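Let me begin by presenting the structure, written as structure tokens, before commenting on it.
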Amino acid sequence: MKKLKTEVIKYSKKLNFTNLSALRSGNISVRVKENGVEGFYITPSGRKYSSLKPKDIVFVSLKGTYNKKKGKPSSEWRFHQDIYVNKKEAKAIVHAHSTCATAVSSHQKNIPAFHYMVAVAGGEDIKCTKYATFGTKNLSKNIINALKNRSACLIANHGQVAYGENLENTFELAQEIENICHQYINAIRIGIPKILSKKEMKVVLGKFKNYKKG
């Protein structure tokens, strides 16, 4: 269990030094079973990632309970809980306030297929949630809706979230989403980009089933 907590810390710090999220923003979790109880380890509330120790990582059950004497989980623990409950394949979650994803999310619009790589999130576009206050059940509900048939989405006026089979792959997916948002911002500076057809994106999604990062 300590190994998983150490991994959460490793990728939390990576949020900072890759500039995916600054200081305390964003959060990381990984699915785990502790003392026979299914749940997840998540970064604590309001702590700089550079100072984290394994004892600081908080266990939250899939029913949303945690030991308050052992620390307070991230204020966003509810949507981590709901993703794990609704997405059985989710083993890790990365939530980031990355610059470009946050900028695009402020427009509360989906990212269309201006580039075939939007398929990395699992669909023909990258969805953006409806807005809701951070840490609320409404936000969690909106995220689950935007993640239908997707493994990542933008969170309106907030940032992005991604899930995957492990922290390494999930972190890479979050980086891919940030890069796509950066490209999209530059594309719309020139004008309205040409959007790939649904037929082409269906072909791309088929190829992505066997897609491996080089």
Side-chain angles (χ1 to χ4, degrees), residues 3-32 39-50 52 54 56-60 62 73-105 111 117-123 126-129 134-135 139-140 142-144 146-148 150-182 211 213:
K3 181 180 179 180
L4 283 175
K5 289 183 177 182
T6 301
E7 192 173 14
V8 169
I9 293 171
K10 171 186 173 181
Y11 283 97
S12 298
K13 290 179 177 178
K14 198 171 180 180
L15 280 175
N16 289 168
F17 69 71
T18 60
N19 295 318
L20 209 58
S21 267
L23 300 173
R24 304 171 179 84
S25 67
N27 32 73
I28 301 276
S29 73
V30 62
R31 189 190 289 267
V32 69
F40 53 96
Y41 286 143
I42 189 169
T43 44
S45 178
R47 292 286 301 275
K48 287 185 179 180
Y49 297 137
S50 59
L52 290 180
D56 300 320
I57 303 304
V58 183
F59 174 77
V60 180
L62 289 187
S74 165
S75 61
E76 304 289 18
W77 66 265
R78 287 175 181 81
F79 75 65
H80 286 253
Q81 174 197 7
D82 281 345
I83 291 172
Y84 287 126
V85 169
N86 286 276
K87 304 284 188 179
K88 303 302 182 184
E89 69 274 25
K91 304 299 182 184
I93 296 170
V94 173
H95 166 49
H97 296 181
S98 51
T99 300
C100 295
T102 301
V104 176
S105 78
I111 299 178
M117 280 297 290
V118 300
V120 76
I126 297 174
K127 301 293 187 185
C128 183
T129 71
F134 77 92
L139 177 63
S140 185
N142 292 349
I143 288 172
I144 295 302
L147 285 175
K148 183 178 181 180
R150 304 287 190 278
S151 55
C153 71
L154 302 183
I155 306 173
N157 304 86
H158 189 148
Q160 60 146 306
V161 64
Y163 73 84
E165 61 186 10
N166 55 52
L167 273 175
E168 181 180 8
N169 290 352
T170 305
F171 197 91
E172 285 185 7
L173 176 55
Q175 289 179 303
E176 292 272 20
I177 299 302
E178 175 64 2
N179 187 51
I180 289 166
C181 288
H182 183 223
Y211 178 74
K213 296 180 177 65

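All heavy atoms count here, side chains included; hydrogens, waters and symmetry mates do not. Fair warning: this is a prediction, and the values are worked out from it, not measured in the lab.
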Do we see a donor-acceptor contact under 3.5 Å between the side chains of Tyr163 and Glu89?
yes
Exam field: side chain Arg78 to backbone Gly135, donor-acceptor pair closer than 3.5 Å
yes
How many angstroms lie between NE2 in His95 and CG in Leu20, if you round to the nearest 0.5 Å?
10.5 Å
Side chains of Thr43 and Asn27: donor-acceptor distance under 3.5 Å anywhere?
no
Which of parallel (below 30°), tilted (30 to 60°) and perpendicular (above 60°) describes Phe171 and Tyr11?
tilted
Using modelled atom types only, decide if a donor and an acceptor are shared between the side chain of Ser74 and the backbone of Glu76 within a distance under 3.5 Å.
yes
Parallel, tilted or perpendicular for His80 and Tyr84, by the 30°/60° rule?
tilted
To the closest 0.5 Å, what do you measure between CD1 (Ile126) and SG (Cys181)?
6.0 Å
Answer whether the closest heavy-atom distance between the side chains of Leu167 and Lys10 falls below 4.5 Å.
no
Hey, could you give me the SG/CD1 distance between Cys153 and Ile144, rounded to the nearest 0.5 Å?
8.5 Å
Just verifying a value: how many Å separate Ile83 CD1 and Leu147 CG, rounded to the nearest 0.5 Å?
5.5 Å
For Lys91, which residues count as a salt bridge (charged side-chain N to carboxylate O under 4.0 Å, His left out) partner, sequence neighbours excluded?
none
Quick one: CZ on Phe79 to OG1 on Thr129, what's the gap to the nearest 0.5 Å?
10.0 Å
With distance as the sole test, does Arg31 use its side chain to make a donor-acceptor pair with the main-chain N or O of Ala90 at under 3.5 Å?
yes
In the structure I gave you, are the side-chain heavy atoms of Ile143 and Asp82 within less than 4.5 Å of one another anywhere?
no
Can you name the residues that form a side chain to side chain donor-acceptor pair (under 3.5 Å) with Asn19, not counting sequence neighbours?
none
May I ask you to check whether Ser105 and Gln160 show a side-chain donor-acceptor distance below 3.5 Å?
no
Distance, nearest 0.5 Å, that separates CD1 of Ile57 from CZ of Arg47
9.0 Å
